[in-house]
Amino acid sequence: MVIRKNRILNFVLNLFVTVAIFDAANIFTGMKLKLFLFLLLCLLLLYGKKINIKYLKILCIIECISLLSFLWGRLYGFNHEVNFLQQYLTTFFLLSLLLWDKYININKIIWLPSILLSVATIICYVIILNFPELRILLEEFAYSKEPPVIYLSERTFLGREFVSVYYTPLIFIVIPACVNVFKLLNQRKNRLINFFLSLLFCTALFCGGNRTCLLSIIMIIGGALLYRIWCTHRWLFHIIIPFVFCILAMLMYNLMTDEESSNETKLDHMETYHQLLSKSPQVYITGMGPGGMVYSKGFGSEVPLMEWTYLELLRFYGIGCLVILFVCFYPIYFLWKKKAVYPLGIPISIGGAIYMFASATNPYLINSTGMIVLIYMYTYMEHGRYDKN
């Protein structure tokens, strides 16, 4: 009986993770919330009170910070979009799966949805380039939702134009891409499979076409190469690393000063933070709560969310954002520090760092995709040392 229940649990876990990654916006299946609740029910029935108290405390602290900062924002007189607050509370509640981190392991589960996500992106990219009639249908579907979950456009990256087919959870695949590129460069076994998957994931990111995806490809391949140089020719690593940082600095400067509408919008957002600091400096201590409305010159209206994710966390939670940032960045630090123990500690920590970097100017962190990234890294911390590389 217990074996049968465990099979049901594993099936539901596989299904939930697949839907949460591939259908993050919940537009294809509409099953994400139902599967999550059913998964929680299975965990409760099978393991009941055998929970990790550490994660329960962290989850309670995050939810309390959200509610307290919201109350402070109301006391200050700020308007709120309550649905946005509910969305943030629900999103963080996904971390409740970590209460049973000893009994769930999604390390092997992420590959199927990542492959599906990549293949779908590449197919859509081919359609955009070669089939005008199908492109019209795809555009109608992409922009039938508000906000869109698929962005079709032509973007400029370092002076070159790229066609962009960006499905919102696509950036998740930076982690499996890092793992496979790392294996390709550092392992002899399964080289053909690792080459194929590395090519698939990097091609999908290229088809994503925005600056974040294209820069991620550079960081994934560059990070794997630098680590190989570190292991084999450490003296060479110390010579080239200053040049790498200089190139990255120049690259970031060119990206941020590029004359593109998204850059202008992001720079206009910065004025909002400055005005808020001048008028209500206490917000950066107590926060105004998720969903707090501010006027953004970048969008030309009052909005509950702007594009600078980490500054938004500061605006929402004040100094309480340090708790959330700790939760987000701790597994990256832990896996890097324990790289001798965890076979995939290095590529997962690099992939996690790239994801957090990409989230800095995009809303990738506080959503179901960002929570799956955290659940993946934390469950790997629990099970990864026992997994075969």
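When reading the values below, keep in mind they use all heavy atoms of this one structure, side chains included, and skip hydrogens, waters and symmetry mates. None of these values were measured; they are calculated from a predicted model.
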Enclosure of F28 CZ (heavy-atom neighbours >12, cutoff 6.0 Å): yes
CA sep, side-chain torsions, deciding dist, call: L311, M270, side-chain contact (heavy atoms from CB on, under 4.5 Å): CA-CA 9 Å; L311 288 175; M270 297 302 293; 3.9 Å; yes
Path from I354 to L199 over hydrophobic side-chain contacts below 4.5 Å: no
K183 side chain reached by N190 side chain, heavy atoms, under 4.5 Å: no
Plane angle bin for Y355 and Y364 - parallel if under 30°, tilted between 30 and 60°, otherwise perpendicular: tilted
Nearest non-hydrogen partners of C42 and I8, listed with the distance: SG-CG2, 4.3 Å
Sidechain-backbone polar pair: S280 side chain, L276 backbone, donor-acceptor under 3.5 Å: no
Backbone of G208 reached by a side-chain donor or acceptor of S164 within 3.5 Å: yes
Cluster link F93 to L89, ILVMFWY, side chain under 4.5 Å: no
Short side-chain to backbone donor-acceptor contact, N10 and N14, under 3.5 Å: no
Heavy-atom check, side chain of I220 versus side chain of L205, under 4.5 Å: yes
Atom CZ of F11 with >12 non-hydrogen neighbours under 6.0 angstrom: no
From I115 atom CD1 to I110 atom CD1, the distance as rounded to the nearest 0.5 Å: 10.0 Å
Y47 and Y103 aromatic ring geometry - parallel, tilted or perpendicular at 30°/60° bounds: parallel
Heavy-atom side-chain proximity of T309 to N362 below 4.5 angstrom: no
Close side-chain approach of I58 and F326, heavy atoms under 4.5 Å: no
Aromatic ring pairing F22/Y167, orientation class (parallel under 30°, perpendicular over 60°, tilted between): perpendicular
Min side-chain heavy-atom separation F316-S69 under 4.5 Å: no
Side-chain donor/acceptor of K32 to backbone N/O of A24, under 3.5 Å: yes
Check: N107 side chain, Y376 main-chain N or O, donor-acceptor pair, under 3.5 Å: no
4.5 Å side-chain heavy-atom contact, Y151 and T168: yes
Any side-chain heavy-atom pair of Y166 and T212 under 4.5 Å: no
Over all atoms of both residues, closest heavy-atom pair of G209 and L214: O-CD1, 3.7 Å
Closest approach of S96 to L40 (non-hydrogen atoms, all atoms of both residues): OG-CD2, 3.7 Å
Mutual orientation of the aromatic rings belonging to Y380 and Y342 [parallel < 30°, tilted 30-60°, perpendicular > 60°]: tilted
Trace of the side-chain hydrogen bond (donor to acceptor under 3.5 Å, both in side chains) decision for Y88 with E63: CA-CA 9 Å; Y88 262 49; E63 300 288 18; over 6 Å; no
Donor-acceptor contact below 3.5 Å, side chain T91 vs main chain N367: no
Flag if over 12 foreign heavy atoms under 6.0 Å of OH, Y295: yes
Heavy-atom donor-acceptor pair, S349 side chain to F334 backbone, under 3.5 Å: no
Verdict with supporting geometry, L137 and I127, side-chain contact (heavy atoms from CB on, under 4.5 Å): CA-CA 10 Å; L137 294 176; I127 288 173; over 6 Å; no
From I171 atom CD1 to S216 atom OG, the distance as rounded to the nearest 0.5 Å: 4.0 Å
CH2/W100: more than 12 non-hydrogen atoms of other groups inside 6.0 Å: yes
Heavy-atom pair of closest approach, residues V165 and T121: O-CG2, 3.6 Å
Distance in Å, L116 CG paired with D23 CG, rounded so as to fall on 0.5 Å steps: 11.5 Å
Same cluster (ILVMFWY, side-chain, under 4.5 Å), L67 and L59: no
Connected via hydrophobic side-chain network under 4.5 Å: I348 and F182: yes
Reported CZ-to-CD1 distance for the pair F206 and I122, which is rounded to 0.5 angstrom: 11.0 Å
H383 (side chain) donor-acceptor with I106 (main chain) under 3.5 angstrom: no
Whether S198 side chain and V181 backbone form a donor-acceptor pair below 3.5 Å: yes
Which atom of R315 lies closest to which atom of P304, heavy atoms considered: NH2-O, 3.1 Å
Under 3.5 Å: donor-acceptor pair, side chain of N180, backbone of L197: no
Considering all heavy atoms, the nearest P290-H80 contact: O-CD2, 3.7 Å
Within one Ile-Leu-Val-Met-Phe-Trp-Tyr cluster: F329 and F172, side-chain cutoff 4.5 Å: yes
Residues forming a side-chain contact (heavy atoms from CB on, under 4.5 Å) with L225, sequence neighbours excluded: L185, I221
Whether W336 and Y227 hold their rings parallel, tilted or perpendicular, with breakpoints at 30° and 60°: perpendicular
Separation of I173 CD1 from C178 SG (nearest 0.5 Å): 11.0 Å
Parallel, tilted or perpendicular: ring planes of Y333 versus Y330, cut at 30 and 60 degrees: tilted
Verdict with reasoning, T203 to S118, per side-chain contact (heavy atoms from CB on, under 4.5 Å): CA-CA 8 Å; T203 301; S118 300; over 6 Å; no
Stepwise side-chain contact (heavy atoms from CB on, under 4.5 Å) check, E81 with L305: CA-CA 10 Å; E81 189 172 305; L305 181 68; over 6 Å; no
Straight-line distance of F196 CZ to L184 CG, nearest 0.5 Å: 13.5 Å
Side chains of F92 and M371 in contact at under 4.5 Å (non-hydrogen atoms): yes
Aromatic ring pairing Y55/Y378, orientation class (parallel under 30°, perpendicular over 60°, tilted between): perpendicular
Heavy-atom neighbours of I319 CD1 exceed 12 at 6.0 Å: no
